[in-house]
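Here it is, the structure in full.
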Amino acid sequence: MSTLKPFSKIPELNSANVLLVENEEQFQKKLADVIVNAEKDVSVGVRLARRLPLPVENEETRPCIDLVVFIINLSFERSFQSVELSLKYVDPGFFLGKVCFLVTGARCWSVSSDRLQSVRKLATSLRCPLLYAEDQTVEGVNTAAARLLRVLKVTAGLTPWATGLSLSTLTRCTLSSDLEGDFD
Amino acid sequence: MDETTRTVLQRVVRKVPATRLREVLRTWGRVPARQLDLLDFSTSKFVLFEDVRSLCEVNSNRLTLKHVCELEMIYFIGNPAQGVWRACHLTEPDDDVMTVELRQFKEQFKARLTELISNVSVKIKKHDDEAVWIRIAWGDHFHRPNQLKPTYVVHHLQTPYVFVYNLSTKHKPLLYQALVLATRHGSMKDSHLSGKSLTSIRDFLMRSYQQAFPTKYARPLQEKNTAPTNPNIEKEHAEQEEKRLQLACEAFGEGNVPRLETATYKLETRYRGSGNETLNNREEPFRALIKFSSANLLVSLNHCVSAGMAETPVTPLLSSITQKGKNYFVITDKGSGNSSQSMVQKK
Amino acid sequence: MMTLSERFPGFVRGVSTGGSISISRPGRDMDAARTQGVFSHLHLLERGALGLIPQEDPAQNDRVDDLKAVIHTLRARRDELRVQADRTRELRHSIDKGDFLDEEDYRTGENSEIRAALLTAKQTELKKLLKAHHLIGGYDLIETQPGKRFCVSLHTAYEGTYCTTYHLELDLTRTVQVVRHDVPPSMPLDTLVQQNLQTNLPAFLHSLSLHLNALTSRQQQIVLVKDQIKSVDVLESNQLCSVLVLLCRGPKQQDPETLVTLLYRDLTSELPTQVTVESEDDALPNSPQWKKSKTLLLDQPVHKALEIMNKTGVIA
Amino acid sequence: MESPVTRLPTRRRTKSYGRSCFEASSRFAYTSGQLTILRIPTTREAPRARNIAERVDPEQVTLLIKNEWKLSYVTPLYRFRHTHLKKYSKHLSAFIAAEKQQGTAVEVGLETGYRVTFSTVLGIAETDEDAETVFIQIQSKPMFAATGDALKVVWSGWLTCVNGSPEYLHSLLPDFVSLPLFCSSGPENITVVVKSWFEKMFDCRFGSLGLDSTSLQWLCALWTGCHPDNNIRYLRLLWTLPTQPPLDVSYTVNPQDAWELWNSVRQEDSVDGTVGIDEVKHFMAGLESHFFRHFKIYLSSGTLRKVSTALGSAQQDGKVKILCSDYLATVLTLLTECAILKMPI
């Protein structure tokens, strides 16, 4: 079992790499296609994973990961469970601004409201940003991809005067005061 | 035309969709094609029936029940997916089982069945693809055979398989006995396989569908031919994905698999959940009935495994569907206190 | 250490020119002067003039010694190779016999290189053999679970064309068992399994292969009959193709139709075991040409027999 | 018992209007309409069998437990008066007739006229804050019916509030009555007409109410807990896995075994009549892991679609059937809460 470490590889010039982790492997494919085609100035690499830890065999070929995105589909409980298990294999160094959560299916009318709350609690406890995305429409996918790309460029150090840590501190998920009471 | 003949004819005309009625009547051949062409198939079924009836009476003044039953069979053979078919299995074959041929079988079956029950009408028809179709209308000592709720039986000669449609438990032993004797077998039992599509359960049982076996040569998987992905996108778990797909195909077949709708498991095993001491220590089984259903069960299960909703390797409980050719299982523990399972067939 | 020709620049040349060593001497001296410097050469000449150098040419002496040393090394090398060759022969022999997994050798690591090379050679050879075997219609074996399960592919062919390939997955954990297969269900697989599977796997596979190939042959024959002989109707057949009922017509319009029933009791054969001919005309089946046709049908694949019957005018 | 006629206005007047709806929503900047300031409850009262017939007219009870109801939520009704039900009845029948005349919405067979009856079902409400339940029945007379023929019920529906969150009810402005749960049964086109009448009359909005998996799990556990008092006969859960084509998994558990599992996950310190969400989750995990040991399929990768026992059934798409009146209060409390949570504030 190997943990994913942020500084085990030397970063390449003008390139950024994002790791999309999703148990269902649906949304990540759509996102990846948009992300790689949207960016022209920088070489953006996308790694798709179902869960962590990542296979040791790919260790050599895997570039330096600048951002880890955990995608959670609220319709399925397993989606959340799988992310919870994967988090164990992320080096604490990543949580200094290089992890974010992306939630889909929050708009669905029969979605469990306490599941969304659990996700929010998780993101808050890890001091990570939590993004919402619409996975059913093309527009939703494009928007989500554009947001991730912007975050990625910051975490990869390609945006002047911004760092992943500062961005993440500004945008991290917080709970409203009365809900925070439940959470220690 | 007597009353029963009329009713059966009316039912057939009503049941057959107007678009197909002409074709069915033509195959039947009791009404000249010329006159059929003049019929207006777009009118109401009520008018249509009257037209067909008068045509029949004009052309063959002695149209009997036999002829009308034949018409029903023609339609039914062409459209067998109207209800649940059950598969049965002939066992303990005699030595001369291979020599049974159609004529002999017809005579034997009719003779045996009429010996067992007095009021019964049997019609046997050989269909193109090696199958023998039997239509049985059951009656008893006091009643004439009920032509409106016939049982259909499909048997492939020289094979142990029999497919039954609409058979009541009352008539089951009679049919079984007649079939066993006519096909020169020792006994007959339920295969625990049922489905709406006759062709599917037949193909499934006779294994005439594409099964995946490992070979030395790279298989031309359709999945491999997907559009080339961007070189900047890398799948970390590509290998596992491939492996899961292979295992799923080995367990549930690939490509065009027979269409099964359900699989049912009656679990009578000890509780096996995690972290529950009270129930884990309980001696009695935890009774549950699990039913999987889908428009195409094997495809769904295949997808379930290949998409990672199930762990691999595929559990023997699920792979038994294809391996044993059944979709009803009773699962009990092997002995008491033994954690391994065995499948015990329901008597 | 210098090589032979470096140390004795004249040696190579000397050998190549046979006995002309003395002729080359001045040249050699000049060479020495060039290589060793003028002073040492003068020193050498001086010593010679003073009579301090023995009569025998010291350089020649040196060369003889060196040559002896060379002979020695070469001999040693030869012996070494001889031993190695012997050992290789021995190993090869033992590998051929099959007991190549000598634990003693493994532990000591002796001969490991040769062993590996030999094993690779052996493996390549076996692979080629397997390929050849497969080409002539053998079975493909693939391990699906190491040491536990393997999968056999049985190819069938008819008249030089590959037809269906059948598969069997076998489990070896306790007794040999068929886990799954795609052999047609009417095939008497259970009987074959009972006869041979536990005791003689090759025999089992052989008999199964015979059955399957015979089935393919019968299937293909029916296809060919339907395809090639238009005047004959296939009335009845079954999945196993063990019964074939044909409706034949005479060459003339008014000829009665004949019903020919072929029974294939021997499932490993592509030829029928019994032929019956029925006709409305009772005399016809006993007519000499039909009697002849019966034997023809027993001896020839059915489509060929019918073709001959068609040509000889028995049927249309 | 007081009649609602005298009681309701009094109650409205004594209410504290300390917090307005506006304030409540402004405190919660993060939601997109799904979450509310209301806490999702983590404990509930264990269901106790109560003979509801002692409090509610048995005839009215049979009306509630027979049908399968389609659920909706309703925002608070402006100037709804329990005293004006007769007027509403006339109004709605006229409205339906008008709609039918237009020929757009209502086209149900050959009925000539509709008769609408509004009535109050007393005794369903649990607290003083709950407004009394209102039952609506629409009957029609077939065109060719003889004069003596009874009217046929073509549609029925009701609005209710049981154990509504006091925090929420207090925050309502005066003149608003909250009956957040709307149940309907009958042709969809009549439902649409009735809803539009309500929206016009009382300035409210309807929205369809789905039951999320947590609510279904609550019902599953609560019903199972009733088994010793009231035989549940079976516990059936239906999952759908997102395969192509979708795979339905129905899981029917023997009632005694289900109860024993439930009993084993109950915590010792919670025997004081409450049930915790942790216990419910444990129970579900217990059922799922038994399934997993056999089939190696993760049920959690699909969605829980339906829960049913002999006491009732509930579906993800908001269809509910209550078959045993003894636990009416428990089920309606849960559904009221779902309705309030789903409502945009």
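Residue numbers start from 1 in every chain, and the chains themselves are labelled A, B, ... in the order their sequence lines are given, proteins ahead of strands. Keep in mind that this is a model prediction, so the values were computed, not measured.
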Within 6.0 angstrom of B:E284 CD, more than 12 heavy atoms from elsewhere: yes
Donor + acceptor pair across side chains of B:E311, D:Y298 (<3.5 Å):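 B:E311 vs D:Y298: donor-acceptor pair found between side chains.
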Does B:P313 reach the side chain of D:K296, with side-chain heavy atoms less than 4.5 Å apart?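 Sidechains of D:K296 and B:P313: no contact.
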Pairwise distance CG(D:N254) to CD(B:E268) - rounded to 0.5 angstrom: 10.0 Å
Sequence neighbours excluded, the answer for ring pair (Phe, Tyr, Trp, His ring centres under 6.0 Å) partners of B:H303 is none
Interchain contact, B:L318 with chain D, by part (heavy-atom threshold 4.5 Å):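 For B:L318, the side chain is the part near chain D, not the backbone.
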Are B:L267 and D:F295 packed together at the side-chain level, in the sense that at least one heavy-atom pair is separated by less than 4.5 angstrom? yes
Chain B interface, residue from D:T240, D:V249, D:L237 that has the most non-hydrogen pairs under 4.5 Å: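 Option with the top pair count is D:V249.
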Nearest heavy-atom pair of B:M309 and D:T243: which atoms, and what distance? CE-CG2, 3.9 Å
Options D:S301, D:P246, D:S250, D:G286, ranked by heavy-atom pairs under 4.5 Å with chain B, top entry: D:S250
Just so I understand: if I count every heavy-atom pair under 4.5 Å between each of B:T278, B:N302, B:L279, B:T262 and chain D, which residue has the most?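 The candidate making the most pairs under 4.5 Å is B:L279.
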pair B:F286-D:L287: side-chain heavy atoms closer than 4.5 Å: yes
I'd like to know if the side chain of B:S300 reaches the main chain of D:P245, judged simply by a donor and an acceptor atom lying under 3.5 Å from each other, with no hydrogens or angles considered.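 Checking the backbone N and O of D:P245 against the side chain of B:S300, a donor-acceptor pair under 3.5 Å is found.
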Only pairs of heavy atoms separated by less than 4.5 Å count here; which of D:W239, D:F291, D:F292 has the most with chain B?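 Of D:W239, D:F291, D:F292, D:F291 has the most heavy-atom pairs under 4.5 Å with chain B.
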Enclosure of B:R282 CZ (heavy-atom neighbours >12, cutoff 6.0 Å):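 Enclosed: over 12 neighbouring heavy atoms sit under 6.0 Å from CZ of B:R282.
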Does B:K45 NZ have over 12 foreign heavy atoms under 6.0 Å away? yes
Hey, are B:T269 and D:H294 close enough side-chain-wise for a donor-acceptor pair under 3.5 Å?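 The criterion, which ignores hydrogens and geometry beyond distance, is satisfied for B:T269 and D:H294.
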Do D:R293 side-chain atoms and B:R272 backbone N/O form a donor-acceptor pair below 3.5 Å? yes
Is D:K281 atom NZ crowded by more than 12 heavy atoms from other residues, nucleotides or ligands, each under 6.0 Å away?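 Count over threshold, so yes.
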Is the shortest heavy-atom distance from the side chain of D:L247 to the side chain of B:L297 under 4.5 Å?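 They are in side-chain contact.
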Only one of D:D248, D:I297, D:L241 passes side chain to side chain contact (heavy atoms under 4.5 Å, CB included) with B:F292, and that residue is D:I297
Indicate yes or no: at least one non-hydrogen side-chain atom of D:S289 is less than 4.5 angstrom from one of B:Y271. yes
Around atom CG of B:N256, are there more than 12 heavy atoms from other residues, nucleotides or ligands closer than 6.0 Å? no
Taking atom CZ of D:R305 as the centre, report whether more than 12 heavy atoms of other residues, nucleotides or ligands fall under 6.0 Å from it. no
Taking B:S293, B:A310, B:A288 one by one, which has the highest count of heavy-atom pairs under 4.5 Å against chain D? B:S293
Heavy-atom closest contact (D:H290 atom, B:R270 atom, distance):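 Smallest interatomic distance, heavy atoms only, reads CE1-O, 3.5 Å.
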Mark yes when over 12 heavy atoms from residues, nucleotides or ligands other than D:H282 sit less than 6.0 Å from its NE2; otherwise mark no.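 No, because the 6.0 Å sphere around NE2 of D:H282 holds 12 heavy atoms or fewer from other groups.
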A quick test of your reading: do over 12 heavy atoms of other residues, nucleotides or ligands sit less than 6.0 Å from CD of D:E45? no
